[in-house]
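In what follows, a structure is listed as structure tokens, so that the remarks can point back to it.
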Amino acid sequence: MPLQQSTLSVSSLRTIRSLLSRSHSKGVRSITAYNPPAISSQSTSSRNSHTTRALPLNSFLRASYSTSNQQTPQQVEEMSEPTGFSAKSGIELLTFGTPNGYKVSILLEELKEAYGKEYTWQSVNIMKNTQKEPWFIAACANGRIPAIVDHDRNDFSVFEGLAILGYLTRRYDPENKVSFPVDSNEYDEAETWMAWQHGGVGPMQGQANHFLRFAKEKIPYGIQRYIGETERLYGVLNARLEGRDYVVGNKFSIADINLVGWANATLLGGIDLETQFPNVHKWLERCLARPAVQKGFAIPSASSFSNSAVKKSLETDPEFKKQAEQSAKLVQDSKDKYGYKYSSP
């Protein structure tokens, strides 16, 4: 669940800033040599370039969403937000560095690699409520990222990650490189697992992060409830991946893309895939090895919430590690208080 400004108190933002600025100071880098500039409007095609504006990030977001191509704090503070669409043709992605945002940029990078399909993206700073501006609402009535506008189809817009993945593969994946033929069993399986993620993993993991990390008041029932349910869901996925390389069929597909952004941010909520859900961990490593996935995770910028970034901070930052240990104790105490016992499914 993307972080929304309206749900975070000032003290919560201070907590997040304190937690993540230490990670940022250690030089968190994007996971590949692909280092796009930190901008709010960018075409992936050199022949379809636009005037670019630097990505606006406040002090919290400088810690949370970093690239290796960094600006000074003063430069970042002075950067402006997009005020409308920047493209005239092709797909335009409106996104931010969240698990839901990354799934669309990853798919677009896969389509670009497979078919040469270019696209344009703009970074929409959800901490400044840019997604509530009228021009954005025109593309996404729900006022949330991600959203796309297909300028080649009379500016047709689609929002919600699940719907966007379906739209893009139906329209722009004719050879089913990352999807399945509509009359196949795999198509129905993929639809099932994508709906499972959309209704389960995303909402539950988002609430787990909120109650553990960002809520001003630490509520033991909420912590154990949502972390417990997130663990249960990853247990389901772990069982699904027993003896499988990918979620559906014998290939990487939108069923995997729909999940990978969330799976790559479990350590934030105290869930260690490597020790708790080894099949999911191995699957995630396979996904992250793909060049298009790496590029998608860099748009609009790499996140300090990723498992690798959090793990690095745990290894190199004693204060960060101390806070993580305190959070782990809070989780265990919350589970003990309400008699939580892991069970999956």
Side-chain angles (χ1 to χ4, degrees), residues 1-8 36-45 47-58 61 64-65 78-109 111-112 117-173 194-195 198-199 202-203 206 254 257-258 261 296 299-301 303:
M1 181 180 70
L3 299 177
Q4 301 298 330
Q5 186 179 41
S6 58
T7 63
L8 294 176
I39 55 181
S40 66
S41 173
Q42 176 68 56
S43 170
T44 63
S45 169
R47 61 177 172 78
N48 188 24
S49 61
H50 302 286
T51 301
T52 60
R53 290 162 292 182
L55 178 66
L57 301 178
N58 59 26
L61 289 170
S64 306
Y65 303 97
E78 292 173 353
M79 294 168 186
S80 61
E81 277 291 283
T83 57
F85 306 122
S86 66
K88 300 293 185 182
S89 63
I91 299 293
E92 182 167 354
L93 168 63
L94 308 172
T95 190
F96 204 56
T98 71
N100 286 331
Y102 288 134
K103 67 177 65 173
V104 183
S105 54
I106 288 170
L107 175 55
L108 285 167
E109 286 294 332
L111 294 176
K112 181 181 176 182
K117 176 67 176 174
E118 302 289 352
Y119 69 98
T120 301
W121 59 266
Q122 290 204 78
S123 178
V124 175
N125 190 336
I126 62 176
M127 300 304 294
K128 291 187 175 181
N129 271 344
T130 303
Q131 75 280 11
K132 305 301 184 184
E133 295 294 325
W135 71 270
F136 187 95
I137 296 297
C140 175
N142 196 38
R144 297 287 191 273
I145 64 95
I148 64 168
V149 177
D150 191 339
H151 294 293
D152 293 338
R153 298 190 66 242
N154 296 317
D155 299 329
F156 190 83
S157 62
V158 186
F159 60 92
E160 292 294 331
L162 181 63
I164 295 171
L165 298 191
Y167 176 87
L168 289 174
T169 49
R170 284 193 301 273
R171 300 284 176 178
Y172 299 110
D173 186 21
M194 291 171 73
H198 197 71
I254 53 174
I257 294 172
N258 200 43
I299 294 174
S301 58
S303 172

For [X], which residues count as a side chain to side chain donor-acceptor pair (under 3.5 Å) partner, sequence neighbours excluded?
X: Thr130; result: Glu81
X: Tyr167; result: Asp150, Arg153
X: Asp152; result: none

request  = Test side chain to side chain contact (heavy atoms under 4.5 Å, CB included) on Cys140 and Leu94 and set out the steps.
outcome  = CA-CA 10 Å; Cys140 175; Leu94 308 172; over 6 Å; no
With Asn154 via side chain to side chain contact (heavy atoms under 4.5 Å, CB included) - residues at least two apart =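 Checked Asn154 against side chain to side chain contact (heavy atoms under 4.5 Å, CB included); zero matches.
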All side chain to side chain contact (heavy atoms under 4.5 Å, CB included) counterparts of Ser105, not counting sequence neighbours =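 Ser105: side chain to side chain contact (heavy atoms under 4.5 Å, CB included) contacts with Leu93, Tyr102, Ile299.
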Where do [X] and [Y] come nearest, in terms of heavy atoms and distance?
X: Lys103; Y: Asn100; answer: CG-O, 3.0 Å
X: Ile164; Y: Pro146; answer: CD1-O, 3.6 Å
X: Ala139; Y: Phe85; answer: CB-CZ, 3.9 Å
X: Lys132; Y: Ile137; answer: O-CG1, 3.8 Å
X: Tyr172; Y: Ile91; answer: CE1-CD1, 3.9 Å
X: Met194; Y: Leu162; answer: CB-CD1, 3.4 Å

To the closest 0.5 Å, what do you measure between [atom1] ([X]) and [atom2] ([Y])?
X: Gln131; Y: Phe96; atom1: CD; atom2: CZ; result: 9.5 Å
X: Arg144; Y: Phe136; atom1: CZ; atom2: CZ; result: 9.5 Å
X: Leu165; Y: Ile254; atom1: CG; atom2: CD1; result: 6.0 Å

request  = Would you check if the side chain of Glu118 reaches a backbone N or O of Gly90 as a donor-acceptor pair within less than 3.5 Å?
outcome  =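 No, because the side chain of Glu118 does not come within donor-acceptor range (under 3.5 Å) of the backbone of Gly90.
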ask   = Is there a side chain to side chain contact (heavy atoms under 4.5 Å, CB included) between Gln122 and Glu92 once you walk through the steps?
value = CA-CA 8 Å; Gln122 290 204 78; Glu92 182 167 354; 2.8 Å; yes
task = Only counting residues at least two apart or in another chain, list the ones meeting ring-ring contact (aromatic ring centres under 6.0 Å, His included) with Phe159.
result =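 Result, ring-ring contact (aromatic ring centres under 6.0 Å, His included) vs Phe159: none returned.
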Test side chain to side chain contact (heavy atoms under 4.5 Å, CB included) applied to Asp173 and Leu111, step by step = CA-CA 7 Å; Asp173 186 21; Leu111 294 176; 4.0 Å; yes
key: Check: Pro82 and Trp135 side chains under 4.5 Å, non-hydrogen atoms   =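 Contact flag for Trp135/Pro82 side chains = yes.
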task = Step by step, work out the side chain to side chain contact (heavy atoms under 4.5 Å, CB included) result for Ile145 and Val104.
result = CA-CA 10 Å; Ile145 64 95; Val104 183; over 6 Å; no
